Amino acid sequence: MLFMDFSRCCEKLEATPGRLDMIDIISKELPGLTDDELPVFVRFIMGRIFADWSSRKLGIGPNLLYEATAAVAGISRDKVIDTINRTGDVGQAVEDLLSVKSQTTFFHEELDLVHVYNSLIAIAEMEGKKSQREKLLAVRRLLGNAHPLEGRYLARIMLEELRIGVGEGSVREAVAKAFSVDPALVEHAMQALNDMGEVARLAKAGPEHLRNVRITLFHPVRMMLAQQGTIADMIKEHGEIAAEFKYDGSRFQFHKKGNWARMYSRRLEDVTGALPDVIQQLMSATDHDVIIDGEVIAVKDGKPMPFQSVLRRFRRRHDIAGAQEAIEMVPNVFDILYLDGETLIDLPFSERRRRLESVVKQYLAPQTVSADPAVITKTYDDALAAGHEGIMIKVRSSPYTPGQRGKNWIKIKPEVDTLDLAVIGAEWGEGKRAHLFGSFLVACQDAGGKLVPLSRVATGFSDEQLAEVYELLKDSVVKQAGKEVTFEPSLVFEVGYAELQASQNYEAGFALRFPRFIRIRDDKDIPDIETLDSLRERYKRQATSAQAYRG
Ligand code: AMP
């Protein structure tokens, strides 16, 4: 497939508002693709380059792309940035600039889809001192051969923000339709493989290939997630349930084969290097080849430490030996997804737990199994007394469903008034903080995933935290106007507040009274932030509890 044909398809999808029409367009493209093209097309159309399980990064930041565009279009970098500010979209800007250029150049080497993919892989693999320069040259080569329309989508793919409205759900439906297989089978294969490209290839080969998927060691699968609920409802619905402490630390997925092990974070980043002591602990806890799921917490004098100290360890790149002494890390293992070549996610939780207990000797999260509300409530009280966050209640007959926030895992914890919100803008600080961002604009999301500004947060930061936040955000600035900057959303803050008020000051229709920065949630992504619907729920609940309080 020519990259031009792929670009035309993107253009068509971008102009198609209806989801069903989009599915139709994609499903018609898929059968004609070769085995090499199919996975690339499927990932590209979702704005991804690598498999979801991969922690590979392309390593092309906006600045590098602007510079390459400037060189190809024969203009200054500032001109490129001006065009982006004017169009509000990198892709459109690159397209405009290339169309001016293409009036003066006549030579094009036609770009091929798989060739573009291979070039991007080569770019991702460039490492070392000269790599920035090499990457720049490679991006220049690609853009130099691109027609304007191709430039639009190349630029967006390189920044991993294709934004043509094609989500994983649509692609799942399109794959099912194209190869006449059950969408549930596609979804199930995706849960085990965590790469829609590979899933499409199996779908093409036939439904039995999808049915026989196995989890692969060192290809992390998405974590199963929890919803809120109550002890009473869970017992009413399921009778005997399993309750475990809810540890306030960092989620991990540990893969081990023989003497080789890796550990992945909730976002599936490889964090093996940051946690050698935890790797050692888990290696010695079992002789088997396993994938296990758990939460690592920090402990000092027998008491769990705040979540922040665990995160610091996850992010740490230097002085690992020093950090090991300061805080003791304790893994708590609560699930098993793979054992000695066998994929276990479809087994009921009670059976997975049995296998887990038979092969992992240490660090198992204790479990209480009961249908008696008093017994489960006692576990909850014990959890809080021991300094944990609350409890998790799990349905014993349920499979492990990667990436799903279903009703089979329920979290029970005291109501705390904090929200996880996306950082979308900031204002430069003042005085000694003038070189840092000072106050931040944060947003929740509506039902369609659109970000909706909710509040400004200017308090609760230490100098150290402001410096850290600046480092994390400085490369995400997409616009500057006076003291105001706008970010490409990437970072999530947990924000505390005293009260939720109805207000027209922000688009969300609410405002936070006394908003206060609590911490960076670097275990959460933008799609995980608070929704408008749940804000409305909170607002309602707040009104009823205030009434109850007032009598
Ligand atoms: P939340 O992040 O508030 O949605 O709560 C779900 C998270 O609780 C999971 O992603 C885990 O990181 C964490 N967690 C702590 N203890 C457990 C447990 N026993 N079982 C499952 N998840 C747990």
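It should be emphasised that the depicted structure is a prediction, and the values quoted were computed from it without experimental measurement. In each ligand, atom 1 is the first atom listed, and ligand 1 is the first ligand listed.
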So, for [X] and [Y], is the gap between ring centers shorter than 6.0 Å?
X	Y	result
Phe461	Phe440	yes
Phe487	Phe437	yes
Phe517	Phe493	yes

Answer yes or no for Lys394 and Phe334: cation-pi contact, defined as NZ/CZ to six-membered ring centre under 6.0 Å and angle to ring axis within 45°.
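Relative to the ring axis of Phe334, which defines the angle, Lys394 lies inside both limits.
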Are any of the side-chain heavy atoms of Leu454 and Leu419 separated by less than 4.5 Å?
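Side-chain contact under 4.5 Å: yes.
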Set of residues that line ligand 1, where lining means a heavy atom lies under 4.0 Å from it
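These residues qualify: Glu244, Phe245, Lys246, Tyr247, Arg251, Arg266, Glu295, Phe334, Met392, Lys394, Arg405, Trp409, Lys411, Lys413.
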Member of Val395, Ile412, Ile376 meeting the side-chain contact (heavy atoms from CB on, under 4.5 Å) criterion with Met234:
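Only one of Val395, Ile412, Ile376 forms a side-chain contact (heavy atoms from CB on, under 4.5 Å) with Met234, namely Val395.
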